[in-house]
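Just so it is clear, the structure is predicted and the values come from calculations on it, not from any experiment. This chain uses plain numbering: 1 for the first residue, then up along the sequence. No hydrogens, no waters, no symmetry mates; every other heavy atom, side chains included, goes into these values. Atoms within each ligand, like the ligands themselves, are counted from 1 in listed order.
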Amino acid sequence: MTGQGLLHMRYISTRGQAPVRDFAGVLLAGLAEDGGLYVPESWPTLTPADWRGLRGLPYAELAARVVQPFIGDSVPFAALQAMCRDAYAGFGHPAVAPLVQLDTGLWTQELFHGPTLAFKDMALQLLGRLFDHVLTARGARVTIVGATSGDTGSAAIEACAGRERVDIVILHPEGRTSEVQRRQMTTIAAANVANIAVAGTFDDCQDLVKAMFADAPFRAEMHLSAVNSINWARIAAQVPYYAAAALALGAPDREVAFAVPSGNFGNVLAAWVARRMGLPIARLVVASNHNDILARFLAANDMSVREVAPSLSPSMDIQVSSNFERLLFEMLGRDGAATADAMARFRAEGRMPIPDAAWKRASAVFHGFRLDDAGTLAEIRRLHDATGYLADPHTAIGIAAARALPGPRGVPMVAMATAHPAKFPDAMEQATGLRPPLPTRLADLYERPETYSRAPNDLAAIEALVRVTVLRNAA
Ligand SMILES: *Cc1c(COP(=O)(O)O)cnc(C)c1O
């Protein structure tokens with residue numbers, strides 16, 4: 001199971017109407033053709049003895065062994081090990097995802113030691129390397145295009161910079177991202193990276209990306225692809241840190257529980273996958289800000305869309321959580337037609353009808369929690385007063401959730417720390433009077449030269465800039 005037998009792993013769509021693919025095919029495809037999301041045809045499991053055998057491994061080695069069953073024979077194990085080592089070598093902490101104790105029975109796991117100081121790096125650093133490997137084997141290239149209002153763009157760029165088989169072009173709305181966010185994207189000097197500042201809003205940028213994908217000849221010529229959060233490989237690459245935390249706290253011989261600041265439901269879904277693989281995870285707390293569709297669903301089976309309102313935890317300002325469909329598919333007994341029907345009604349009516357039995361299955365494991373901005377600032381302040389620890393607004397919501405819904409039977413609770421506090425200096429100052437400094441490896445961010453193009457909100461102009469980047473690197 002752990003690295004020796006490379007079994008073939010097949011993936012099916014949650015809507016049941018797309019071709020079955022292997023891991024490499026799912027990595028490159030992203031979304032399935034029927035609009036569904038890919039999931040493993042069956043869940044790999046490890047025995048308690050297998051899990052015990054993974055205790056104490058360095059993070060990169062553990063990651064290779066936990067991810068391997070999902071990759072199957074798509075990538076040789078030695079190559080996967082090398083990619084994992086390389087992916088996590090640049091992190092700012094030797095443990096990669098260290099646990100910090102905050103109270104009796106309460107820990108936080110820091111997932112923000114990657115190059116962009118947010119947990120997206122944990123998966124994307126490995127994804128960029130997997131893309132290169134799979135594309136090299138196929139003799140192919142792709143062009144990743146995306147739009148960002150700030151955070152996800154920099155994590156995607158850091159993941160792809162310098163990759164041999166990938167070009168990446170990220171659009172951001174000119175003058176509408178924070179300076180830190182812009183500089184994290186525009187100071188990465190690599191020939192395969194292009195940043196475009198668009199004269200428009202984030203929605204304009206997203207519309208331009210959609211228009212590029214809809215332009216079939218352009219899409220085919222440029223081999224357009226995406227690394228958004230519905231890509232199965234991102235979920236798979238997030239499972240190892242749950243395993244690392246659980247093993248460190250005594251699993252498989254002792255239960256553990258997690259509280260996860262959630263937006264698109266990708267991070268907490270990875271925790272559920274870890275549970276499905278055999279780790280004794282007693283409870284998963286889904287933590288939200290005032291954009292609380294997941295909390296309302298888990299409390300009262302109310303899956304209804306409301307307006308998104310901005311908060312101090314912007315990466316959780318989401319009302320339609322794209323990865324929820326994977327859980328829905330499981331709760332509906334893996335019935336693709338029923339899943340497609342529920343999603344169609346959700347889109348049409350803004351409310352998802354979920355049978356009571358399915359909701360009960362979800363709410364037996366997942367518990368919802370909601371905290372508004374005032375509560376978030378109060379939690380940051382309380383935690384700092386009690387322990388000296390500085391938690392960013394996303395993490396603070398997770399910690400408050402862990403305190404409000406402690407694990408049953410006194411099991412240890414781990415709150416996931418999804419961003420470094422230095423990414424949100426204004427909120428931190430408001431709560432504590434302190435502005436956390438950037439880690440030393442990023443301290444010169446304001447001195448680094450920036451490279452980006454500027455473009456009007458015009459499809460032809462953007463496509464011309466994408467083509468220049470791709471042709472420059474095609475030679
Ligand atoms: C992306 C992100 C989240 C939400 O994670 P999902 O996988 O979308 O639920 C939470 N916190 C931070 C800081 C993030 O960047």
*Nearest protein heavy atom to atom 4 (C) of ligand 1, by residue and atom, and its distance?*
G263 N, 3.5 Å
_I need the atoms of ligand 1 closer than 4.0 Å to a non-hydrogen atom of G266, numbered in the order shown._
6 (P), 7 (O), 9 (O)
*Quick one: are the ring centres of F70 and F23 less than 6.0 Å apart?*
no
*Is there a donor in the side chain of R326 and an acceptor in the side chain of N323, or the other way round, less than 3.5 Å apart?*
yes
_Under 4.0 Å from a heavy atom of A419: which atoms of ligand 1 are those, numbered in the order shown and with their elements?_
13 (C)
_Donor + acceptor pair across side chains of Y88, D121 (<3.5 Å)_ = no
*For ligand 1, which atoms, with element, lie under 4.0 Å from some heavy atom of P261?*
4 (C), 10 (C)
*asked:* Suppose we measure from atom 12 (C) of ligand 1 to each protein heavy atom; which comes out shortest, and what is that distance?
replied: T418 OG1, 3.4 Å
*Taking distance alone, with no angle check, do F119 and ligand 1 share an N/O pair under 3.5 Å?*
no
*asked:* Considering V260, N323, N267 one by one, which has a heavy atom nearer to atom 7 (O) of ligand 1 than any of the others?
replied: N267
*Report yes or no: does S229 have a heavy atom closer than 4.0 Å to ligand 1?*
no
*So, F91 versus H113, ring centres under 6.0 angstrom or not?*
no
*Among all protein heavy atoms, pick out the one at the shortest distance from atom 8 (O) of ligand 1; state its residue, atom name and that distance to 0.1 Å.*
N264 N, 2.7 Å
_Flag for N289-D317: side-chain donor and acceptor within less than 3.5 Å_ = yes
*Kindly state whether the ring of F119 and the ring of H394 have centres lying under 6.0 angstrom apart.*
no
*Hey, does H394 come in under 3.5 Å of ligand 1, counting only N/O atoms on both sides?*
no
*Show which atoms of ligand 1 fall inside a sub-4.0 Å distance from at least one heavy-atom site of K120.*
1 (C), 2 (C), 3 (C), 14 (C), 15 (O)
*Carboxylate-amine/guanidinium proximity below 4.0 Å for E255 and R275*: no
*Answer yes or no: is there an ion pair linking D34 with R15, defined by an N-O contact shorter than 4.0 Å?*
no
